[in-house]
Amino acid sequence: MDFLRGLLGFLGMGAAFMTGRSAVAVRKGWQKPSRLYGWVIRTVVCVVAIAFRNPMDTVDLIVWGLAALAFAGGLRSAWRQKPPEDLTRQIFPDGS
């Protein structure tokens, strides 16, 4: 049972990271809000499922804290994304 709690914790942290990235993408207009809602639901289900059938303990608090950090990391990685490189001049030189 503890293995499954740990697995759900890792899935919840990954979903929290993608929730952060999706929140930035929705804010910038790159994605529809429905994608964000899907990631939020996945995150909440995974994180809440860890505490199901068990009293609240340090594992829950650690996973929730790491999920919050993963969410912040997703926000940061999406906000600081580099623009795509323009390779037009390298692919099509001026001489042709």
With a cut-off of under 6.0 Å to the ring centre and 45° to the axis, is Arg76 in cation-pi contact with Trp79?
no
Do [X] and [Y] share a hydrophobic cluster, counting only Ile, Leu, Val, Met, Phe, Trp and Tyr and linking them when any side-chain heavy atoms are less than 4.5 Å apart?
X: Leu61; Y: Val47; answer: yes
X: Leu87; Y: Phe92; answer: yes
X: Leu69; Y: Ile62; answer: yes
X: Val48; Y: Trp64; answer: no
X: Leu8; Y: Val59; answer: yes

Pairwise distance [atom1]([X]) to [atom2]([Y]) - rounded to 0.5 angstrom:
X: Ile50; Y: Leu4; atom1: CD1; atom2: CG; answer: 11.0 Å
X: Trp39; Y: Phe71; atom1: CH2; atom2: CZ; answer: 13.5 Å
X: Ile41; Y: Cys46; atom1: CD1; atom2: SG; answer: 12.0 Å
X: Arg42; Y: Ser22; atom1: CZ; atom2: OG; answer: 9.5 Å
X: Thr19; Y: Met13; atom1: OG1; atom2: CE; answer: 13.5 Å

Taking side-chain hydrogen bond (donor to acceptor under 3.5 Å, both in side chains) as the test, write out the residues that go with [X], two or more places apart.
X: Arg21; answer: Ser77
X: Asp57; answer: Arg5
X: Thr58; answer: none

Can you give me the closest heavy-atom contact between [X] and [Y], atom names plus distance?
X: Gly9; Y: Val63; result: CA-CG1, 3.7 Å
X: Ala78; Y: Lys28; result: O-NZ, 4.1 Å
X: Ile91; Y: Pro93; result: O-CD, 3.4 Å
X: Ala67; Y: Ala16; result: O-CB, 3.3 Å
X: Leu75; Y: Gly20; result: CD2-O, 3.4 Å

Does the side chain of Thr43 reach to within under 4.5 Å of the side chain of Val40, using non-hydrogen atoms?
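No - every pair of side-chain heavy atoms lies 4.5 Å or more apart.
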